[in-house]
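Notes follow the structure.
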Amino acid sequence: MPLSSLSLLPLHRAPFPPTSNYPPPPPPSRALLLPLLRHSPLARRSPVSRARAVAADGMAAATAAAETPPTLLEYMGQAGAADDLVVLVAHVQSACKRIAALVASPGNAELSRGKAGGGVAVAAGRDAPKPLDELSNEIILSSLRRSGKVAVMASEENDLPIWVSNDGPYVVVTDPLDGSRNIEVSIPTGTIFGIYNRLAELDHLPEEERAQLNSLQSGTHLVASGYVLYSSATIFCISFGAGTHGFTLDHLTGEFVLTHPSIQIPPRGQIYSVNDARYFDWPEGLRKYIDTIRQGKGQHPKKYSARYVCSLVADFHRTLIYGGVAMNPRDHLRLVYEANPLSFLAEQAGGRGSDGKSRILSIQPVKLHQRLPLFLGGMEDMLELESYGDVQQKVNPGYEV
């Protein structure tokens with residue numbers, strides 16, 4: 001029977017209305033299928049051709065499987081990451097999936113507007129927390145406790161570091177939900193974190209003191225750092241000291257899948273990111289730099305464009321992909337859990353993190369909530385910016401937004 005005659009075969013239709021009194025139709029018989037198979041394209045080939053076709057199909061399937069990008073944890077296994085670090089990152093990604101669901105939930109706007117802590121005063125250097133910040137903080141702390149791999153957690157949401165476990169080999173510093181004030185208007189937010197080795201030589205000190213000193217390591221000692229961007233996609237960007245890599249959350253599988261391997265910041269971009277409304281509070285050097293590049297009169301002959309989200313993770317992520325410079329020139333961003341982790345990522349991607357004068361990672365923190373100016377970007381853009389000298393904003397009238 002030719003294939004064209006298939007349309008003439010009687011169709012087996014389920015009775016209507018359905019009822020249990022009617023059994024399902026029987027499958028087509030072998031006698032009916034054999035003539036069809038004899039006339040199929042594969043059947044008309046010689047045995048050798050059929051074998052080659054089957055082998056080609058097998059190779060195609062194997063190739064497709066080989067081309068499937070690895071998940072975050074698979075990538076760490078392939079890269080030979082320490083088992084303890086794999087376990088820790090698995091718990092960090094689990095916490096960030098929960099935060100991603102939280103910031104996308106219908107009730108997040110109310111949480112972002114409220115005030116946390118019953119109006120209790122916060123320590124100097126900390127922003128006033130909101131319920132959504134504190135909830136994100138609790139999610140991360142809970143995950144780190146369950147991992148069994150963390151000795152200390154230092155967070156933007158806590159006045160002091162928290163001693164988690166006497167057995168944990170790592171120290172985690174974090175801003176659990178950067179940009180939470182933007183959630184009400186659906187602007188991207190993010191989580192930032194850094195991972196250090198626990199300093200065993202401090203174990204003889206009182207708990208509070210050793211927690212503090214473990215948290216105040218310089219960025220040069222980072223084992224890993226990363227951020228998670230909560231936006232149109234949820235992207236987990238991380239470095240273990242051998243390049244910067246981006247993983248996107250696949251909502252079908254619930255896994256972070258490698259989508260941006262070995263990110264390299266373009267040495268020269270064409271975008272600057274800063275709050276231009278503060279122009280008249282800037283020092284002369286910064287005003288001159290911005291005026292020069294947006295007129296196309298700098299070292300790069302093209303005019304720069306401004307892009308500013310006012311969400312550190314979002315502005316940095318764009319800079320990481322497109323190049324240029326993202327900056328906050330006043331003493332506003334925290335060295336320990338914002339500037340150090342992001343500067344580590346920038347350097348691993350071929351860029352630079354600076355306070356306008358010095359390399360961020362070489363600065364020794366002296367306080368947990370220490371603030372400083374932050375400039376992040378491609379190497380050529382950053383060197384041109386620093387050549388203007390006076391780029392740190394000293395006027396700080398206390399902006400509401």
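Positions are given from 1, in the same order as the sequence printed here.
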Side-chain donor or acceptor of [X] paired with backbone N/O of [Y] under 3.5 Å:
X: N197; Y: V171; answer: no
X: D315; Y: V309; answer: yes
X: Q217; Y: L222; answer: no
X: S143; Y: I140; answer: no
X: T292; Y: K288; answer: yes
X: N275; Y: A277; answer: yes
X: N137; Y: D133; answer: no
X: S94; Y: H91; answer: no
X: R330; Y: D281; answer: no

Practice task
Would you give the length of the straight line joining atom CZ of R146 to atom CG of L141, rounded to the nearest 0.5 angstrom?
Solution key: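 It is 10.0 Å, given to the nearest 0.5 Å.
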Problem - Euclidean distance, F236 CZ relative to K97 NZ, rounded to 0.5 Å - result: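 Those atoms lie 9.5 Å apart.
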Would a 4.5 Å heavy-atom cut-off, applied to side chains only, mark [X] and [Y] as touching?
X: I360; Y: E338; result: no
X: L85; Y: Y170; result: yes
X: Q78; Y: P70; result: yes
X: R334; Y: Q370; result: no
X: E384; Y: Y289; result: yes
X: Q364; Y: S218; result: yes
X: F240; Y: V89; result: yes
X: I263; Y: C237; result: yes

Handout entry: Geometric class of the Y75/H245 ring pair [parallel <30°, tilted 30-60°, perpendicular >60°]
Key =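 Tilted: the ring planes of H245 and Y75 meet at 30° to 60°.
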Practice task
Scan side-chain atoms only and decide if Y304 and D381 contain a donor-acceptor pair under the 3.5 Å cut-off.
Solution key: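 On atom types as modelled, these side chains qualify, holding a pair under 3.5 Å.
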Practice task
Decide whether R145 and S165 meet the rule of one side-chain donor and one side-chain acceptor closer than 3.5 Å.
Solution key: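 Judged by distance alone, the side chains do not pair up.
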Exercise for the section: Would you please test L312 and L333 for side-chain contact (heavy atoms from CB on, under 4.5 Å) and show each step? Expected result: CA-CA 9 Å; L312 177 58; L333 298 175; 4.1 Å; yes
Exercise for the section: List the steps, then state whether salt bridge (Lys or Arg N to Asp or Glu O under 4.0 Å) holds for R371 with D331. Expected result: CA-CA 5 Å; R371 295 178 184 254; D331 291 337; over 6 Å; no
Handout entry: Test log, rule side-chain contact (heavy atoms from CB on, under 4.5 Å), inputs Y196 and V172
Key = CA-CA 6 Å; Y196 296 90; V172 175; over 6 Å; no
Practice task
Decide yes or no on side-chain contact (heavy atoms from CB on, under 4.5 Å) for T191 and I99, but give the supporting numbers first.
Solution key: CA-CA 9 Å; T191 295; I99 296 173; 4.0 Å; yes
Exercise for the section: With side-chain hydrogen bond (donor to acceptor under 3.5 Å, both in side chains) as the test, would you mind laying out the steps for Y272 and S305 before giving the verdict? Expected result: CA-CA 6 Å; Y272 73 91; S305 298; over 6 Å; no
Handout entry: Near-ring test H369/Y337, centroid separation under 6.0 angstrom
Key =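 So the answer is yes for these two rings.
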